[in-house]
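First comes the structure, then the notes that go with it.
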Amino acid sequence: MFGPDKCVSTNKVHFILKHKYPKNWKYVEHHLNNPLSVLSDKLTHVYTALLTPDNELRLLVDDEEKKKATFLSLEDFEPPLIPAKPISDPNDKKPEDWEGRT
């Protein structure tokens with residue numbers, strides 16, 4: 001979903017990417033962090049979202065770039081499209097009664 005939303009409680013340009021994870025086949029919505037504000041003048045404006053082959057998102061207002069984000073960044077989307085790598089626990093071990101069947 002992409003577009004301006006100017007209501008009583010919000011005044012931002014939404015960019016929400018709905019992504020289906022291939023491992024669990026569940027859909028997750030990824031919201032752009034720090035979205036643009038909707039222009040408050042009385043003029044008509046053209047909002048454009050460009051998705052580039054190098055995994056970038058560029059948001060333009062009247063053909064002028066106002067925001068750039070990267071789909072592979074951990075900071076640009078909430079939740080990130082690429083999950084953070086798990087941190088290994090050095091104290092983690094198998095229980096004594098673990099059965100090693102495969």
Before giving the answer on side-chain contact (heavy atoms from CB on, under 4.5 Å), spell out for N34 and K67 the whole-Å C-alpha distance, their side-chain angles and the decisive distance to 0.1 Å. CA-CA 9 Å; N34 304 319; K67 178 143 180 97; 4.0 Å; yes
One pair to check against side-chain contact (heavy atoms from CB on, under 4.5 Å): K20 and V28. What are the steps and the verdict? CA-CA 6 Å; K20 187 177 187 180; V28 177; over 6 Å; no
For L57 and L32, what are the C-alpha separation, side-chain angles and deciding distance, and is it a side-chain contact (heavy atoms from CB on, under 4.5 Å)? CA-CA 10 Å; L57 166 68; L32 180 66; 4.3 Å; yes
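The other residues sharing a hydrophobic cluster with I16 are M1, where clustering joins ILVMFWY side chains under 4.5 Å apart. Applying the under-4.5 Å side-chain rule to Ile, Leu, Val, Met, Phe, Trp and Tyr, the cluster around L72 extends to I82. Think of W25 as one node in a network of Ile, Leu, Val, Met, Phe, Trp and Tyr side chains linked at under 4.5 Å; it has no links at all. Through side-chain heavy atoms spaced under 4.5 Å, either directly or across other Ile, Leu, Val, Met, Phe, Trp or Tyr residues, W98 is tied to no other residue.
Listed for the H30 side chain is a donor-acceptor partner under 3.5 Å among the backbone atoms of P79.
Applying the side chain to side chain contact (heavy atoms under 4.5 Å, CB included) criterion to D54, with sequence neighbours excluded, gives T52, E56. Listed by chain and residue number, Y27, E29 satisfy the side chain to side chain contact (heavy atoms under 4.5 Å, CB included) test with K18 (two or more places apart in sequence, or in another chain). Not a single side chain to side chain contact (heavy atoms under 4.5 Å, CB included) links D63 to another residue, sequence neighbours left out. N24 meets the side chain to side chain contact (heavy atoms under 4.5 Å, CB included) test with Y21, K26; sequence neighbours excluded. Listed by chain and residue number, E64 satisfy the salt bridge (Lys or Arg N to Asp or Glu O under 4.0 Å) test with K66 (two or more places apart in sequence, or in another chain). Residues meeting the side-chain hydrogen bond (donor to acceptor under 3.5 Å, both in side chains) test with T10, sequence neighbours left out: D5.
In this structure the side chain of V13 reaches within 4.5 angstrom of the side chain of F2, judged on heavy atoms.
Separating the CG atom in N33 from the CG atom in L74 is a distance of 11.0 Å, to the nearest 0.5 Å. Taken to the nearest 0.5 Å, the CG atom of L81 stands 11.0 Å off from the OG1 atom of T70.
Counting all heavy atoms, side chain and backbone alike, S73 lies closest to P80 at O-CB, 4.3 Å. Heavy atoms only, all atoms of each residue included: K12 and P35 are closest at CD-CG, 3.6 Å.
Residue pairs that meet the ring pair (Phe, Tyr, Trp, His ring centres under 6.0 Å) test with at least one member in residues 55-83, sequence neighbours left out, are F71-F77.
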N/O donor-acceptor pairs under 3.5 Å from side chains in residues 37-51, not counting sequence neighbours:
| unit_1 | atom_1 | unit_2 | atom_2 | d |
| --- | --- | --- | --- | --- |
| D41 | OD1 | H45 | NE2 | 2.7 |
| D41 | OD2 | H45 | NE2 | 3.2 |
| H45 | ND1 | D62 | OD2 | 2.7 |
| Y47 | OH | L39 | N | 3.4 |

